[in-house]
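Scope of the values below: all heavy atoms of this structure, side chains included, with no hydrogens, waters or symmetry mates.
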Amino acid sequence: MITGALRNQVDRLWTEFWVGGITNPLTVIEQISFLMFARLLDVAETTAEKRASRTKKPFQAQFSPDQQELRWSRFKQLPGEQMLTLVRDKVFPHLRTLGKTGSAFAQYMADAQLLIVKPSLLVSAVNMIESLPLTGGDTKGDLYEYLLSKLTTAGINGQFRTPRHIIRLMVDLVDPLPSEVVGDPACGTAGFLAGVMQYLHEKYTSPRGIVTHPDGQITLSGDLLKWHRDHIQTSMFHGYDFDTTMLRISAMNLKLHGVESPNVHYQDTLSSKFPEKFPDQAVNAFDVILANPPFKGSLDESDVHKSLTTMVKTKKTELLFVALILRMLKLGGRAAVIVPDGVLFGSSNAHRELRQLLVDGNQLEAVLSMPSGVFKPYAGVSTAILIFTKGGKTERVWFYKMESDGYSLDDKRDKIGDGLGDLPDIREKWAVREKANTNDRKAKHFFVPVKDIRDNKYDLSISRYKETEYEEAKYDPPQEIIERLRTLDQEVSRNMNELEALLK
């Protein structure tokens, strides 16, 4: 979370945008995102230069020798008027040329323009973004989250950011391979896709590929990915959203994570137009899908593709998205999806049909119950992570009750201790779950046979199966309690008499 001085600084900048005549929240977010991208592009270029200097290998520069003035580190030092002219007339045109022709990045950056007309506002924005520790931790994602919270429409489409530590947990559990195709049907700012790219760099960097710079920073080269570079750059990642602002941010986000040509597209994936526009991705296309789809939103039932309503007859987006993900996965493809708790135990026919489809028609592997405060302060809904494989057979399901994600569950979301909570334990227990074969339902994690789930009308809430251990309360005999009350009453009476005697 952005808190304290940084939060106040963002609030002040937001006010300055309004005073400067930019009052549309989406426009404010876009302008801040463009400037963040300009700074991070320069940071990435500096990192690539250092890596090239150490490895003596060439790299694809984003700034030619005669474009060095366009780098953030150069123009941030200019006076207001000069900075405004350079950023408007040269920096933004340069940003529009960075993507390959026909790429999603080029498509969404094609009309990128600086809408700031006051030099003082641009200087304030540049100074604020310069002060943010964007290159470390999760500040960039936290900033997006805080900016999104200012949208007056936030919540109408069920949009809220997935915390990066939850994303990383889900990525770790599905363990994507560099040869696979990864998708997110409601990608937002592409947090899941960027998380996969970061995971691959960490997993597929040899000891020789770890570069330590003089300032102590470490660069993971991902040298073991060299045989998969073309696939990663052009065909591994696919994201869809029907918010152009989110798509611009996702294109920038993925480019900064090293994906030159991500396939992020403007599309409502529940719509009947999705299979028409993207027939190769709409059905049996993905090895891995990671998603936190909208839990609610306006839905035109007549526009939903019939293949989804045939699987589960409902208007509820949270149910339709799970059906959509099953349709998009290849046979044997796997998914980790965040759903509201209602999906786990809802009593409607549609809820039961979907759960039965997951259990009887596919391999439901795990249900990870999360505490209700994970998405605060923007949503208080209780959620769970479903992990499943398309096809196969469900014989038993692994349940885990996450009690802490490492942060307080109130609106402040303060870090608790090391900020890890139950996440390391989930990773550890997931890796050895088959060998451990835990059946103790009084524990935080255990297996439930599929027969028990069927007998309970496919209820997937952990509370249905977890056994609570009660301690027998012990009380003193009533006569002893009465005697103590009498003694106390006598003591009170004696004190009152003494007090009354002092007043005479």
Side-chain angles (χ1 to χ4, degrees), residues 40-41 43-62 100 103 105 135-138 140-141 164-165 167-184 187 190-239 250-264 285-290 329-330 332-336 387 389 423-424 426-428 430-432:
L40 290 169
L41 191 68
V43 170
E45 185 84 342
T46 301
T47 300
E49 289 170 343
K50 291 179 180 178
R51 185 191 302 126
S53 176
R54 290 286 299 273
T55 62
K56 307 302 180 184
K57 294 181 179 179
F59 71 100
Q60 184 176 354
Q62 304 292 341
K100 294 181 179 178
S103 69
F105 182 85
T135 57
D138 197 22
K140 175 162 57 69
R164 291 308 181 260
H165 60 293
I167 286 178
R168 184 53 190 263
L169 172 69
M170 294 166 67
V171 173
D172 287 346
L173 298 186
V174 298
D175 185 24
L177 304 175
S179 59
E180 294 183 315
V181 181
V182 181
D184 182 347
C187 67
F192 282 106
L193 303 181
V196 171
M197 190 68 238
Q198 182 178 351
Y199 173 81
L200 293 177
H201 265 98
E202 293 179 11
K203 185 174 181 180
Y204 293 94
T205 295
S206 70
R208 291 194 306 171
I210 300 174
V211 179
T212 303
H213 304 293
D215 60 3
Q217 291 192 26
I218 294 176
T219 299
L220 302 176
S221 66
D223 54 318
L224 301 180
L225 296 170
K226 61 182 179 180
W227 305 113
H228 303 282
R229 287 294 178 192
D230 288 343
H231 170 64
I232 290 172
Q233 294 297 340
T234 60
S235 54
M236 180 174 188
F237 296 101
H238 299 258
S250 68
M252 289 186 279
N253 195 11
L254 287 169
K255 187 171 180 62
L256 290 169
H257 278 82
V259 184
E260 292 295 325
S261 301
N263 294 283
V264 288
F286 293 94
D287 300 290
V288 172
I289 290 180
L290 294 140
L329 283 171
K330 295 176 181 177
R334 56 206 186 280
I387 302 177
T389 300
L423 272 59
I426 292 173
R427 293 184 178 95
E428 179 186 339
W430 171 261
V432 299

Go through the steps to decide whether Tyr204 and Leu220 satisfy the test side-chain contact (heavy atoms from CB on, under 4.5 Å), and finish with yes or no. CA-CA 9 Å; Tyr204 293 94; Leu220 302 176; over 6 Å; no
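- Considering only residues two or more places apart in sequence or on other chains, Asp223 meets the salt bridge (charged side-chain N to carboxylate O under 4.0 Å, His left out) condition with none of them.
- By the side-chain contact (heavy atoms from CB on, under 4.5 Å) test, Ala52 pairs with Phe59, sequence neighbours left out.
- In this view, Gln198 and Glu202 satisfy the side-chain hydrogen bond (donor to acceptor under 3.5 Å, both in side chains) rule, not counting sequence neighbours.
- Interatomic distance, Leu169 CG to Leu423 CG, rounded to the nearest 0.5 Å: 4.5 Å.
- When all heavy atoms of Val264 and Ala251 are compared, the pair lying nearest together is CG2-CB, 4.3 Å.
- Listed by chain and number, the residues in a side-chain hydrogen bond (donor to acceptor under 3.5 Å, both in side chains) with Thr234 amount to none (sequence neighbours excluded).
- Minimum heavy-atom separation, Pro176 to Val196: CG-CG1, 3.8 Å.
- Counting heavy atoms from C-beta outward, Leu329 and Arg334 have side chains that stay 4.5 Å or more apart.
- Using modelled atom types, one side-chain atom of Ser221 and one backbone atom of Gly209 make a donor-acceptor pair closer than 3.5 Å.
- Between atom OG1 of residue Thr46 and atom CG of residue Leu40 there is a gap of 11.0 Å, rounded to the nearest 0.5 Å.
- For the side-chain hydrogen bond (donor to acceptor under 3.5 Å, both in side chains) test, residues two or more places apart in sequence or in another chain that qualify with Asp172 are Arg168, Arg427.
- Remark: Ala194 engages Asn253, Leu254, His257 in a side-chain contact (heavy atoms from CB on, under 4.5 Å) (not counting sequence neighbours).
- The salt bridge (charged side-chain N to carboxylate O under 4.0 Å, His left out) search around Glu45 returns none, not counting sequence neighbours.
- Listed by first and then second residue, the salt bridge (Lys or Arg N to Asp or Glu O under 4.0 Å) pairs involving residues 227-237 amount to none (not counting sequence neighbours).
- Taking CG from Leu224 and OG1 from Thr205, the interatomic distance works out to 6.5 Å, rounded to the nearest 0.5 Å.
- When the side-chain contact (heavy atoms from CB on, under 4.5 Å) test is applied to Ser179, the partners found at least two apart in sequence or on another chain are Leu177, His228.
- Between atom CD1 of residue Ile426 and atom CE of residue Met170 there is a gap of 11.5 Å, rounded to the nearest 0.5 Å.
- Scored by the salt bridge (charged side-chain N to carboxylate O under 4.0 Å, His left out) test, Lys226 finds no partners at all (sequence neighbours excluded).
- From Ser206, atom OG reaches atom CG of Leu225 across 10.5 Å, with rounding to the nearest 0.5 Å.
- In terms of the salt bridge (charged side-chain N to carboxylate O under 4.0 Å, His left out) criterion, Glu428 has no residue partners (sequence neighbours excluded).
- Residues Ser235 and Val181 form no side-chain contact, since every pair of their non-hydrogen atoms from C-beta on lies 4.5 Å or further apart.
- Residues passing the side-chain hydrogen bond (donor to acceptor under 3.5 Å, both in side chains) test with Tyr199, sequence neighbours excluded: Asp175.
- Electrostatic pairing of Lys330 and Glu180 does not count as a salt bridge here, judged by no charged N lying under 4.0 Å from a carboxylate O.
- Taking CG of Asp287 as the start and CE of Met236 as the end, the distance is 8.5 Å to the nearest 0.5 Å.
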